[in-house]
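Predicted model, so just to flag it, every value in this text is computed and none were measured. Values below: all heavy atoms of this structure, side chains included; hydrogens, waters and symmetry mates excluded.
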Amino acid sequence: MSIGWDFPSNNNGRMDGLNDSGIHHFTEAPIESMTREVLQDSLDATFSDKPVIVKFELHQLPQSELPAVEELKLVFQQAKETWAFHTDATKFFNQGLEVLKQPTIPVLAIRDFNTTGLENVDQKINGSFASLVKSVGVTFKDASSSGSFGIGKHAPFAASSIRTMFYGTYNRQDVYALQGVAKLASYDTGGGNFTQGTGYYGVKKALEPIKDLTPYHSMFKRNDYGTDKFIIGFTGKENWTDEVIETIILSYLVAVMEEKLEVHIAGLQINKKNMPAILNYIMRKMPNSKAQQYYEAYTSQDSVRVRQYFKTYDGMMESIQLSLLVKEGFNRRVSMYRGTGMKIFDKDRFRAPIDFAGVMVVEGTKLNAVLRKIEPPTHDRWAAGLYKDDEKYALSLLKQIYDWLNAQARELAKLQVTEKIELRGLEGILPDVTKEEAPLKEVNEQALNETIKSFDMKQIVTKPKEVKTKVKKKKNPVLPDEKPKKEKPKKPDEPKTEKPPKLKKSTLSNARSFCLNDEQGIYRFIITPKGKGELTFQVHISGEDGSKTPIAIKSVKNVGTDEQVHFESNAIGPVAVEDKERLVFEVTFEENERYSLEVSV
């Protein structure tokens, strides 16, 4: 059994160049891309309810400890000679030879724990080992996973100066394995015999992994279940750890805060407990980072939290949760997360006159499955055209999600105005803003600081509004020049004991609602009835698809009278009302969430 580097013959077939499309996807931001993809792989291989732990370790490996380093130098030399006519290729192979000749070679080891490891090591096609190490454009991940195209595996190669990696595993089948992969270019081994561009370290000819790791450097060994990725010739600059930490917060905030993921790097442990300290660290290093904004939006008690339901491809309803926080200087973007805890992209272009940040998490399994299929290989957007099962449905789903996000941003802007101008206890005195009235302008902050020097008090007597009644004319009216006869005053009529008239049913002229405290489920309703009578109205959760869901009420108080109001299930009333009377109710619901509500009679 011969062990070493083996680049299979191309059998006079395709010639591979250095411009590998898979790697090219990630060359623009290699550290960020590498971080996102390796963490995604580890989360997809989670084994239990414990957080997946990923460790980043930079080693300076002695040149002699790199497996078959002399063979790899020969490969680079032959490839350099083969591509001597090509400037960029010549430069790459020259630089690669310089790296391989150094006394030590930088190697970034990325290890995960509490995972399955790479399974089915001996299988040629079906299994996570073959999928990661030998397959191109193939993935065996299920719908709940993050990856779908199998192209993300190329990302770590973009962070290698010699485009070479080693994969190691100790899996739950108690199998150890180690194999190297170099993604270079076809080259002439002599006599016009050209190779393929990808070569493997392991058992030659069979291209199988090594299972006995006894003779190898300790860096390549492990005692716990999991997977190791070794980036040979790591290109990270001096501040690469800061870039990795920022990427973890920006791309995996939800996974960390939900205790699905913990990352160890540069002596730091990034987990839920330590996140505030990690954020302080990264904001000192990178003052312009948006990491703090999204963290506050996701965790602050002041954030607005809404859960909405959307139709799945089979007609079921599944949820998406949104957290929004208003704060001056925030970037007006929402981080879009799937259920795995990995961010896909930041949505912008909100038409709301406020500064805010948000985090949206897709909770439903079937919604996640659809959105996973409409991500490109770089996992940085959603494109409905990629959903071949039903493109029309994917278009509709994305439109509903984006419309809902825009509506929530606008509602948030309205809420900010309301909070600035509404004073508790004066609801019955201050005028309401209706369609006929001009909207209230924002309070001038300078005016708030001005001091009143003097004021005059003037007593104004307000007369009660006269009620006009029709008076029948007398047949013989009194003339001006005649003196009226003195008449004894009549005694007032005794009140008649009659049954009170039955009140008519009143309807709604206008209704508004907004959340006062989402943690306690308290909302305020401002109601304007149409017509004098008796009013009963129902409260529903409004679905994005037009559906209405009754919401259970816990208590109702009339703010104007401070009295409790009768309710039953989701119906409030009956309440005696006057035409166009302004009524303010404080309603507490059984569930403590922020909803989009609808009022009807």
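The shortest side-chain heavy-atom distance between H379 and R36 falls under the 4.5 Å cut-off. Contact of the W404 side chain with the L322 side chain is registered, since non-hydrogen atoms from C-beta on lie closer than 4.5 Å. The closest side-chain heavy-atom distance from T536 to V575 is not below 4.5 Å. You'll find the side chain of V334 reaches within 4.5 Å of the side chain of F350, heavy atoms only. Considering only heavy atoms from C-beta on, V556 stays 4.5 Å or farther from F525 through its side chain. Contact check for S555 versus Q564: side-chain heavy atoms found under the 4.5 Å cut-off. Contact check for F47 versus V52: no side-chain heavy atoms found under the 4.5 Å cut-off. Residues E246 and D242 are not in side-chain contact: their nearest non-hydrogen atoms beyond the backbone lie 4.5 Å or more apart.
Annotation: K366, atom NZ; neighbour count of heavy atoms from other residues, nucleotides and ligands within 6.0 Å is above 12. Applying the 6.0 Å contact sphere to CG of D348 captures more than 12 heavy atoms from other residues, nucleotides or ligands.
Comment: K343 engages D346 in a salt bridge, judged by a side-chain N to carboxylate O separation of less than 4.0 angstrom. In this structure, R338 pairs ionically with E375, as a charged nitrogen and a carboxylate oxygen lie closer than 4.0 Å. Between D562 and K557 there is a salt bridge, since a side-chain N of the basic residue sits under 4.0 Å from a carboxylate O of the acidic one. The pair E363-R307 counts as a salt bridge, with a side-chain nitrogen and a carboxylate oxygen less than 4.0 angstrom apart. Looking at R332 and D355, a side-chain N of the basic residue comes within less than 4.0 Å of a carboxylate O on the acidic one, giving a salt bridge. The pair K504-E534 does not meet the salt-bridge criterion, since no charged nitrogen lies less than 4.0 angstrom from a carboxylate oxygen. Look at K554 and E590 and you find no salt bridge, because none of the NZ, NE, NH1 or NH2 atoms lies under 4.0 Å from a carboxylate O.
Counted by atom type alone, Y523 and N517 present zero donor-acceptor pairs between their side chains at under 3.5 Å. Residues N510 and T528 have side chains that never bring a donor and an acceptor to within less than 3.5 angstrom of each other. E37 and S33 are not linked by any side-chain donor-acceptor pair at a separation below 3.5 angstrom, with hydrogens and angles left out of the test. When only modelled atom types and interatomic distance are considered, D112 and T115 share a side-chain donor-acceptor pair under 3.5 Å.
Distance alone, capped at 3.5 Å, is enough to place a donor-acceptor pair between the D579 side chain and the G531 backbone. Between the side chain of N570 and the main chain of V539, a donor-acceptor pair closer than 3.5 Å is present.
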Counting only pairs under 3.5 Å, give me each side-chain donor-acceptor contact of residues 263-271, with atom names and distances, residues two or more places apart or in other chains.
from: H264; atom 1: NE2; to: E262; atom 2: OE2; distance (Å): 2.6
from: N271; atom 1: OD1; to: K273; atom 2: N; distance (Å): 3.3
from: N271; atom 1: OD1; to: N274; atom 2: N; distance (Å): 2.8
from: N271; atom 1: OD1; to: N274; atom 2: ND2; distance (Å): 3.3

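Cation-pi geometry between K347 and Y402 is met: the NZ or CZ atom falls under 6.0 Å from the ring centre, inside 45° of the normal.
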